[in-house]
Amino acid sequence: MKVVVVGGGGRENAIALSAVSSNNSVYSISHNNNPGLIGISKKHYKINENDKEAVLNVAKKIYPDLVLIGPEDPLSNGVSDILISQKFNVFAPSSKAAKLETSKSFLREFMKYHKIDGNVESYSFTNFDDLKKLVLNLDYEFVLKPDGLTGGKGVLVQGFHFNSKEDGLSIARKLFENGVNKLLVERKLIGEEFSLQALVYNDKLIFLPIVQDYKRAGENDTGPNTGGMGSISFSESGLPFIPENHVEKAKAIMRKLVELMHNEGTPYFGPIYGQFMSTKDGPKLIEVNARFGDPEAINVLDLMDDSIADVAIKLMEGGLPTLNIKNQINVVRYIVPIGYGTDPMPSKLKVDEYYLRKKGLKILYASVDKKGDYLRQTRSRSLALLARGNSLSEIIPKFEGIEKGISGKYYYRKDIGTFESIEKKTSFMNSLLKN
Ligand code: AMP
Ligand code: GLY
C-alpha cells in the first residue's frame, strides 16, 4: 500500500515508522529535512505541509491508498478538506470536524448543550471589560486561554503563570491589546492529567492505552507549559496514579462526543485525543485534539504491534479491528533546544544513532533539519528518545549516558518516567482523592 504522511515532527516520524512496519511504502511531506522521515520514506517531499495546493499536487503524483496527517495546522488550513474533496482516502478529520480542537469555545458549548459529563466551567470573552467583571466575581482560581490553536503553550494558570486576579487581568488586557480576539476564563482544575487517544471512523472508536505527557519545561513539573517534554505509558494497565473508573468515564465522554458529531452530520475520521484532568470530582475534559498527541503518539504507536496504516484502512472499510498491544511500559524523553518553552536558542547537534540504539533507545526525529552530518535545531523540539521494557528499573538506565550519543547544546528532562516522579504523582492523587 502507498501511504502519504503529512508533517515533519516526532509524532509524524512515529506514524511513518508504524506505517512502514507492514511493508507499506511511505511518502512523506514536510517543510523540514527530518532525517527520520527521509530514512524510511520511498520519497520525501520538502514542501510546506500547510500549503493545501502543494500537498494536493504531491498526492496527485502518488495516488496513495491512504493519507495520514499528523499536526493540527494542515487540518485548519484545509489540507484534509481538499484531499477529501478529491476523493483521496484520508484518515484525518475535515476542518469542520477538527473544530473540536481549533475552537476551545466550540467544544465547551457543544458539551454544555449536549449535557456531556466532564465539562469545565468556562466563559468566553471578546472584550476586556466583560472579562474583568466576571473575574472580579470569581470565588475560585482560574486559567486564561486564547481561543484557537496555541500548541499547548497559550494557557496561563493562576498560581503558576500569575498569582493574583489583578495580575491575571493585566495579562488578559495585554492579550486583547496584542490582537487576541477571544479569551476563555476557566475554572482551574487540580489533579493529574492523562491523554486518552482513539482511532475513529464515523461512530466507531478504538481506544488506545492512556499516556501522561510531562508538559512543563522544567524538572519536577516547574516552568512554562510546552508542547510536551516527554511521556509515559503503562499500556493496558493504565497509569498507576489515575483511577481506573476515571479512565472508563473518560472513554464514555469521548464516545459520546464522537457519536454526537456523527449524528449531527459532522462525522469524525482519524485519530482523536482527549486531554483529561483526573480531579476529586472525576475526570474533566481539558481539551480535544483532532489528531494524535505529540509525544503521546510515540508511546502508543510503539506499543501497537499493528501498523497504523492497516488499522486505519480496516476501520475505513467498515471493520472494527482488535489491536495487538504489547503489555509493557514505555518512556519518551524529548531533546530540545536550550531555553525551549521561553526563549529557545537553536544550535547544532550530532547524533550517534548506533550508540543510542545499542543502549536500547528508539530515535524519532522532530523539528530539525539535516545538513550534512549534523542537525540544525529549530525553536521547537529536536528528537525524541524512547525506551521500553517490563519495569521502570529496566527502562530508566537506558537513558543514562545519552550525552555520549548526542553532542551539541540541548536540554532534556531527566525526571520523566522515574520511579520518584511516579511515586510523587501517586501520593498526590491518593491525598487528593481521600479528601
Ligand atoms: P490546553 O492548551 O487547553 O491543552 O492546555 C494546556 C495545559 O494547560 C493543560 O494540559 C493543562 O496542564 C493546563 N490547563 C488547561 N486548562 C486548565 C484548567 N482548566 N485547569 C488547570 N490547568 C489547565
Ligand atoms: N502533547 C500535547 C499535544 O500533543 O497537544
Side-chain angles (χ1 to χ4, degrees), residues 7 9-12 14-15 70-73 75 98 100-108 111 118-124 138 140-162 168 182-197 208 210-218 221-233 271-281 283-301 332-334 336 340-341 364 366-367 380-381 384 413 416 425 432:
R11 163 185 49 208
E12 289 72 38
I15 292 172
E72 61 272 32
D73 285 338
L75 305 177
L100 284 175
E101 166 166 14
T102 47
S103 169
K104 290 178 199 285
S105 54
F106 171 79
L107 173 71
R108 291 282 167 245
M111 289 182 77
N119 205 1
V120 184
E121 240 169 294
S122 173
Y123 306 89
S124 74
L138 288 182
Y140 50 78
E141 291 202 310
F142 65 102
V143 305
L144 288 169
K145 297 186 181 188
D147 199 25
L149 296 177
T150 57
K153 298 156 207 150
V155 178
L156 297 152
V157 182
Q158 188 167 12
F160 295 109
H161 304 98
F162 61 91
K182 209 188 235 183
L183 259 186
L184 269 65
V185 174
E186 271 187 18
R187 179 190 279 271
K188 175 180 161 183
L189 302 171
I190 313 272
E192 280 292 333
E193 290 179 59
F194 63 97
S195 310
L196 174 62
Q197 300 171 100
L208 298 161
I210 59 167
V211 180
Q212 191 185 53
D213 176 14
Y214 285 58
K215 286 182 186 275
R216 297 303 187 84
D221 299 323
T222 53
N225 265 328
T226 68
M229 295 296 296
S231 46
I232 51 171
S233 180
I272 198 166
Y273 158 168
Q275 180 69 47
F276 285 89
M277 181 87 84
S278 185
T279 74
K280 66 177 172 43
D281 303 315
K284 301 285 176 192
L285 184 54
I286 293 181
E287 71 161 354
V288 169
N289 289 320
R291 52 171 174 79
F292 276 123
D294 188 353
E296 291 94 326
I298 301 175
N299 296 83
V300 295
L301 294 172
V332 174
R333 292 183 184 175
Y334 252 119
V336 302
Y340 174 64
L364 291 307
S367 195
S380 197
R381 295 170 290 187
R413 274 183 67 172
I416 295 173
K425 290 168 193 288
L432 182 79

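In listed order, ligands and their atoms are each counted from 1.
Close approach of ligand 1 to E287 (heavy-atom distance below 4.0 Å) involves ligand atoms 1 (P), 2 (O), 3 (O), 4 (O). Counting atoms of ligand 2 from 1 in the listed order, those under 4.0 Å from a heavy atom of R291 are 3 (C), 4 (O), 5 (O). Listed by number with element, the atoms of ligand 2 under 4.0 angstrom from any heavy atom of G227 are 1 (N), 2 (C). Counting the atoms of ligand 1 from 1 in the order shown, those under 4.0 Å from a heavy atom of K188 are 20 (N). For ligand 2, the atoms sitting less than 4.0 Å from at least one non-hydrogen atom of D213 are 1 (N), 2 (C), numbered in the order shown with element in parentheses. Taking a cut-off of under 4.0 Å to the non-hydrogen atoms of I286, the atoms of ligand 1 that pass are 3 (O), 15 (C), 16 (N). Each of the atoms 5 (O) of ligand 2 lies under 4.0 Å from some heavy atom of N289. Atoms of ligand 2 lying under 4.0 Å from at least one heavy atom of K215, given by number and element, are 2 (C). If you number the atoms of ligand 1 from 1 as listed, the ones under 4.0 Å from a heavy atom of K145 come out as 3 (O), 15 (C), 16 (N).
Both cation-pi conditions hold for R187 and Y140: the charged atom is under 6.0 angstrom from the six-membered ring centre and inside a 45 degree cone around its axis. Cation-pi geometry between R216 and F160 is satisfied (NZ or CZ under 6.0 Å from the ring centre, within 45° of the ring normal).
Ring planes of F162 and F142: tilted class, angle from 30 to 60°.
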Decide yes or no on side chain to side chain contact (heavy atoms under 4.5 Å, CB included) for F292 and I15, but give the supporting numbers first. CA-CA 9 Å; F292 276 123; I15 292 172; 3.9 Å; yes
Going through the distances and angles, do N225 and H161 end up as a side chain to side chain contact (heavy atoms under 4.5 Å, CB included)? CA-CA 10 Å; N225 265 328; H161 304 98; 4.3 Å; yes
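Under 4.0 angstrom from ligand 1, the non-hydrogen atoms of L189 come from both its backbone and its side chain. With a 4.0 Å heavy-atom cut-off, ligand 1 is reached by the backbone of R187 but not by any atom from C-beta on. For R11, no heavy-atom contact with ligand 2 is shorter than 4.0 Å. Contacts between M229 and ligand 2 below 4.0 angstrom, taking non-hydrogen atoms only, are absent altogether. Using a 4.0 Å cut-off between heavy atoms, N225 contacts ligand 1 through its side chain alone, with no backbone atom that close. In F292, neither the side chain nor the backbone holds a heavy atom less than 4.0 Å from any atom of ligand 2.
Within the 3.5 Å criterion, the main-chain N or O of G293 finds no donor-acceptor partner in the side chain of R11. Checked by atom type and distance alone, the side chain of R381 pairs as donor or acceptor with a backbone atom of D294 at under 3.5 Å. No donor-acceptor distance shorter than 3.5 angstrom exists from the side chain of E296 to the backbone of S195, with no hydrogens or angles considered. Without hydrogens or angle criteria, K188 side chain to V157 main chain gives no donor-acceptor distance under 3.5 Å.
Looking at K215 and D221, no side-chain N of the basic residue comes within less than 4.0 Å of a carboxylate O on the acidic one, giving no salt bridge. In summary, E186 and R108 engage in a salt bridge, as defined by a charged side-chain N under 4.0 Å from a carboxylate O. Taking the charged nitrogens against the carboxylate oxygens, R291 and D73 have no contact shorter than 4.0 Å, which rules out a salt bridge.
Under a 4.0 angstrom heavy-atom cut-off, Q275 registers as lying outside contact with ligand 2. For G293, the heavy-atom gap to ligand 2 drops under 4.0 angstrom.
Residue E186 has at least one N or O atom closer than 3.5 Å to an N or O atom of ligand 1. Remark: ligand 2 and E287 share no N or O pair separated by less than 3.5 Å (distance only, no angle test).
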